[in-house]
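Report on one structure; see the data block that follows.
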Amino acid sequence: MGRKSKRLLSVAALLAGAGLMIAATNESFSDLVNRLQREKPTFAKRQSDLLAARYDLSNRPAPGVAMSKGKAIQAGVRVRLPAGVSWDQLASLSPEEIRDRDLWPAGFYPLPHPHHEAGGMIFPQPTIDETKRQTQRDLTRFDLDYDLPQHMLPEFPAPIYLTTRPDLGDVSKGQLVTLANYYGIFKDVLNPKQLEGLRLLVTPFPQQQFNQTEDRRALTANQGVACFDCHTNGHTNAATHTVGDIRPNEHRHRIDTPSLRGVNVQRLFGSQRALKTVEDFTEFEQRAAYFDGDQVTAAMKGVNPLERGSQVHFMSEFQSILDFPPAPKLDVFGKLIPAKATESELRGEAVFNGKGKCAVCHSGPYFTDNLMHNLQVERFFKPKMINGRLASADGPIKTFTLRGIKDSPPYLHDDRLMTLDDTVEFFNIVLGTRLTTEEKKDLVAYLYTL
């Protein structure tokens, strides 16, 4: 038997052993584009209708509060309540009563991907536009668009703060950092190893929907996706995806892109995967998350395995100096400085550390216990299919740091909570804390100071 035949047999054995099958298709790329573009309005309307039924997505900024660079923060509870019940009434009921009476608010169910059956990475329009302007690389998908309005998202481009140069403030100088400009911005700020790590973080590599093959969702053959396309400027633009480690597809979770700020004080990475180091996370993203956990498709589309000792290490070294935004009202222990805080903020801190039970998980100066917790939200509802996503048990979720939390809407691991007010209502019910209206208001005011 020739060497080529042996290789073919080896590939066939690999596919059979993995339980995978590649189906032959006669559909050309142009036919694929035409078909998916015809279907696009149907799925866009399905998602739009879902969002409108769940949330008030109007543009209502919080007075006197802004993100680190000045973008308005959206205020108020946006999750719509079931008819005939108030938040206080809902919080007084047991999980079983809420479930049996079907009173779990629609906005508290898991949020599906904009087209959950298709999945894959999808980017907000400002990221698409600025990336294309700087690098001529197009992150537009021909089959679907991002679903949440821009006023509900983090500021773009986000400022970059470095633990090594806190004196500089925003080192990005207001620019989106890409392969086209990273060197000029950072050549006098980073050492050579950190600079090389940043170069790799802004270098596009093949990804499931953006690559050179005809099995892609971009009109033009594409270099791929860079780490900082989602984690823009080392923060987040709220780009979304579906997790690669869950099957079948209806159980896969929508992913909220987490901020990379403050990874130097964190010990778990990935919202539910519990990866133990930022190096693990960096390597995992390239080998698995970029290709939905499908190693055969990854090989076909040109996966870029990063070398652990140099490339991954260099990338993690840069990530580890990304700092939180300034919090001028906090002391070195993460406590409010009374002379700088309002009465409402001080009352909110007391609720956070006491009745609200927030500090049980969000502890210490960085407001995380670096652990995983299962909220068991499935206690409150019966499983149901929502736009291709089966709402059921989520499982354990890592404790995200709350430092700089006002800069990172929307909230929870799958974007289901639009504002911090929504988040407080959600946890008030899930944790059974029975907060008053005033306590909830004070707690939100405190969270803005972090």
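Heavy atoms only: backbone and side chains are in, while hydrogens, waters and symmetry mates are out.
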Taking only Lys NZ, Arg NE, NH1 and NH2, and the carboxylate oxygens of Asp or Glu, determine whether Glu425 and Arg80 approach each other closer than 4.0 Å.
no
Tell me, with the steps shown, if Arg254 and Asp415 meet salt bridge (Lys or Arg N to Asp or Glu O under 4.0 Å).
CA-CA 8 Å; Arg254 176 179 177 140; Asp415 293 328; 3.2 Å; yes
Distance-only donor-acceptor pairs under 3.5 Å for side chains of residues 375-386, two or more places apart:
unit_1: Arg379; atom_1: NE; unit_2: Gln376; atom_2: O; d: 2.8
unit_1: Arg379; atom_1: NH2; unit_2: Leu375; atom_2: O; d: 3.2
unit_1: Arg379; atom_1: NH2; unit_2: Val430; atom_2: O; d: 3.1

Set out, in order, the CA-CA distance, both residues' side-chain angles and the distance that settles side-chain contact (heavy atoms from CB on, under 4.5 Å) for Thr178 and Glu130, then state yes or no.
CA-CA 10 Å; Thr178 69; Glu130 183 61 15; 5.9 Å; no
May I have the step-by-step check of salt bridge (Lys or Arg N to Asp or Glu O under 4.0 Å) for Arg308 and Glu279, ending in yes or no?
CA-CA 8 Å; Arg308 181 91 174 195; Glu279 289 88 352; 5.1 Å; no
Give a yes or no on whether the backbone of Asp56 and the side-chain of Arg78 come within a donor-acceptor separation of less than 3.5 Å.
yes
Of all the heavy-atom pairs spanning Leu336 and Glu349, show the shortest one and how long it is.
N-OE2, 2.9 Å
Minimum heavy-atom separation for Arg54 and Pro110, please, with both atom names.
NH2-O, 2.8 Å
Have a look at Leu420 and tell me which of Leu402, Ile405, Val77 forms a side-chain contact (heavy atoms from CB on, under 4.5 Å) with it.
Ile405
Which heavy-atom pair separates Leu51 from Leu57 by the least distance, and what is that distance?
CB-CD1, 4.0 Å
Please identify each residue that fulfils ring pair (Phe, Tyr, Trp, His ring centres under 6.0 Å) with Tyr290, with sequence neighbours left out.
none
Glu155 vs Lys69, test: salt bridge (Lys or Arg N to Asp or Glu O under 4.0 Å). Steps then yes/no.
CA-CA 7 Å; Glu155 52 196 353; Lys69 203 170 71 173; 5.9 Å; no
For Glu343, I'd like to know if atom CD has over 12 heavy atoms of other residues, nucleotides or ligands within 6.0 Å.
no
Rounded to the nearest 0.5 Å, how far does NZ of Lys340 lie from NZ of Lys329?
10.0 Å
Please check this pair: side chain of Glu345 against backbone of Thr342, looking for a donor-acceptor N/O pair closer than 3.5 Å.
yes
Tell me, with the steps shown, if Asn59 and Gln74 meet side-chain contact (heavy atoms from CB on, under 4.5 Å).
CA-CA 7 Å; Asn59 190 354; Gln74 293 298 308; 2.8 Å; yes
Output for pair (Tyr161 OH, Asp323 CG), nearest 0.5 Å, gives 10.0 Å
Asn428 side chain to Val424 main-chain N or O, any donor-acceptor pair under 3.5 Å?
no
Closest approach of Ser68 and Asp407, non-hydrogen atoms and distance?
OG-OD2, 2.6 Å
Can you name the one residue among Val444, Thr419, Val65 that meets side-chain contact (heavy atoms from CB on, under 4.5 Å) with Ile73?
Val65
Give, for atom CG of Asp256 and atom OG of Ser271, the distance between the pair rounded to the nearest 0.5 Å.
8.5 Å
Lys/Arg-Asp/Glu bridge criterion (N-O < 4.0 Å) met for Glu438, Arg347
yes
If you count every heavy atom of other residues, nucleotides or ligands that lies below 6.0 Å from Tyr366 atom OH, does the total exceed 12?
no
Between Arg141 (side chain) and Met121 (backbone), is there a donor-acceptor pair under 3.5 Å?
yes
Nearest heavy-atom neighbours spanning Pro206 and Phe291
O-CZ, 3.1 Å
Are Arg252 and Asp245 close enough, and set up right, to give a salt bridge (Lys or Arg N to Asp or Glu O under 4.0 Å), and what steps lead you there?
CA-CA 8 Å; Arg252 295 172 71 179; Asp245 53 351; over 6 Å; no
Only one of Thr131, Leu179, Val202 passes side-chain contact (heavy atoms from CB on, under 4.5 Å) with Phe228, and that residue is Val202
Compare every heavy atom of Pro326 with every heavy atom of Arg403, then report the nearest pair and how far apart it is.
NH2-C, 4.5 Å
Examine distances only and state if a side-chain atom of Thr449 and a backbone atom of Tyr446 form a donor-acceptor pair shorter than 3.5 Å.
yes
Run Arg267 and Lys276 through side-chain contact (heavy atoms from CB on, under 4.5 Å) and show every step you take.
CA-CA 6 Å; Arg267 297 294 174 267; Lys276 297 303 186 289; over 6 Å; no
side-chain contact (heavy atoms from CB on, under 4.5 Å) between Asn249 and His116, worked out:
CA-CA 8 Å; Asn249 192 71; His116 205 81; 4.2 Å; yes
Tell me if a side-chain donor or acceptor on Gln311 pairs with a main-chain N or O of Gly197 at a distance below 3.5 Å.
no
Is the shortest side-chain heavy-atom distance between Thr257 and His231 below 4.5 Å?
yes
Enumerate the salt bridge (charged side-chain N to carboxylate O under 4.0 Å, His left out) contacts for residues 81-93, please, sequence neighbours excluded, ordered by first and then second residue.
Asp88-Lys440
